[in-house]
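For reference, the structure discussed in these notes is given below.
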Amino acid sequence: SMMASALNASSSSASGNNGSSSTMTSINALDVVVFCGLESLGILAILGNISLILVLLRNKYLNRASFILMLSLATADVLHGIVTTTFFFPPVILKFAPMPDIGIRLYNIVDWTAWAVTLTHMSAICLDRLVAIMLYSRYNQLVTVSRIQKFCIFVWLFFLTANTVFFFFNFCCLTQPLKEHNFYTFGYLSHDPKSEKPQPLNVYTLYYTP
């Protein structure tokens, strides 16, 4: 009996060591290449948009409406870069998401707000250029610095408030790197069918995804 117990203990210990060693060796060359490539793009996006922000601020371009839109869009892109390089990309090589639930929620609030700013501002820049081309004689009357400033402030405040409410009242599903795809992509967290809690309404499938 004692020998059987000792054998079972040693076999379980060996299996545990094998499991840990297999976890340690689960990172392959492709993971490293993908991680380095994605991190490089993310860092480049951060540095490039910070450079653009500094140019706009130092050269006093903000007396033009279109440059205010560019400044706000560049700020959102910096946030995108920070979220992707520190939250979405590291699990490719770590093989786990090193973030507690509250951290995931905060990252989602920042990222979804930045996405909202990006989408609305890209549309606004397109409309700005359309008005400048089609209604160039009335452009300065229609598109003013004051109106664009109010638009940018409204977009940031509205979507930051909306995303904060959505996440803290559990109106949607969080996004994070997906283990089932080897952490190469990210998406909505799937609902655990064994959980007794009701599945939350994922308003993002109607609100952002389209």
Side-chain angles (χ1 to χ4, degrees), residues 38-89 102-176 186 188 200-210:
L38 292 175
E39 284 291 313
S40 299
L41 291 174
I43 293 171
L44 183 63
I46 294 172
L47 296 178
N49 282 284
I50 288 177
S51 299
L52 175 59
I53 291 171
L54 293 176
V55 168
L56 292 174
L57 294 176
R58 291 184 63 181
N59 293 278
K60 300 179 180 179
Y61 285 124
L62 299 183
N63 56 353
R64 301 180 184 178
S66 57
F67 287 115
I68 294 175
L69 287 172
M70 290 178 61
L71 175 66
S72 187
L73 179 59
T75 303
D77 289 340
V78 169
L79 293 178
H80 276 307
I82 293 173
V83 170
T84 52
T85 55
T86 60
F87 176 56
F88 287 124
F89 296 160
I102 185 64
I104 295 176
R105 288 183 179 275
L106 292 175
Y107 266 102
N108 272 260
I109 290 171
V110 172
D111 196 48
W112 282 114
T113 301
W115 263 115
V117 172
T118 297
L119 294 174
T120 54
H121 281 51
M122 289 178 65
S123 300
I125 289 173
C126 291
L127 291 175
D128 171 74
R129 294 299 85 197
L130 179 64
V131 173
I133 294 171
M134 302 297 295
L135 303 172
Y136 57 91
S137 61
R138 299 176 55 197
Y139 175 80
N140 291 329
Q141 289 76 36
L142 296 173
V143 183
T144 65
V145 170
S146 176
R147 288 176 179 173
I148 295 301
Q149 287 175 339
K150 292 177 181 177
F151 168 78
C152 293
I153 292 172
F154 170 78
V155 169
W156 277 98
L157 291 178
F158 176 81
F159 286 104
L160 179 61
T161 302
N163 286 305
T164 302
V165 171
F166 286 164
F167 284 110
F168 280 98
F169 285 90
N170 205 26
F171 289 163
C172 61
C173 296
L174 301 174
T175 57
Q176 74 172 31
F186 54 91
Y188 298 118
L201 173 64
N202 187 0
V203 297
Y204 277 48
T205 58
L206 302 174
Y207 182 52
Y208 276 119
T209 303

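In this text the structure is predicted, and so the values were computed from the model without any measurement.
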Discussion item. Measuring only between side-chain heavy atoms, which start at C-beta, is Tyr61 closer than 4.5 Å to Leu71?
Written reply: no
Practice prompt. Kindly compute the distance separating NZ (Lys150) from OG (Ser146), expressed to the nearest 0.5 Å.
Written response: 4.0 Å
Practice prompt. Look up atom CD1 in Ile53 and atom CG in Asn49, then write down how far apart they are to the nearest 0.5 Å.
Written response: 6.5 Å
Fill in: Any Ile125 side-chain heavy atom under 4.5 Å of Ser66 side chain
no
Discussion item. Rounded to the nearest 0.5 Å, what separates atom CG in Leu57 from atom CZ in Phe67?
Written reply: 12.5 Å
Worksheet item: Given Ile148 and Leu69, is the side-chain contact (heavy atoms from CB on, under 4.5 Å) satisfied, shown in steps?
Response: CA-CA 7 Å; Ile148 295 301; Leu69 287 172; 3.7 Å; yes
Worksheet item: Between Ala124 and Phe151, what is the shortest heavy-atom contact and its length?
Response: CB-CE2, 3.8 Å
Worksheet item: Nearest heavy-atom pair of Asn59 and Val55: which atoms, and what distance?
Response: ND2-O, 2.9 Å
Worksheet item: Closest heavy-atom contact between Ser123 and Leu119?
Response: OG-O, 3.0 Å
Discussion item. Are there over 12 heavy-atom neighbours, none belonging to Arg64, within less than 6.0 Å of that residue's CZ?
Written reply: no
Fill in: side-chain contact (heavy atoms from CB on, under 4.5 Å) partners of Thr118, counting only residues at least two apart
Leu73, Ala76, Asp77, His80, Met122
Item to complete: Side-chain contact test, heavy atoms from C-beta onward, threshold under 4.5 Å: evaluate it for Asn108 versus Asn163 and give yes or no.
Response: no
Fill in: Distance in Å, Ile133 CD1 paired with Asp128 CG, rounded so as to fall on 0.5 Å steps
9.5 Å
Practice prompt. Would you give the length of the straight line joining atom CG of Leu130 to atom CG of Leu135, rounded to the nearest 0.5 angstrom?
Written response: 7.5 Å
Fill in: Spatial distance of atom CD1 (Ile68) from atom CZ (Arg147) [nearest 0.5 Å]
13.5 Å
Worksheet entry | Nearest non-hydrogen partners of Thr113 and Phe159, listed with the distance | OG1-O, 3.7 Å
Worksheet entry | Shortest non-hydrogen contact between Leu79 and Ala114, atoms and distance | CB-CB, 4.1 Å
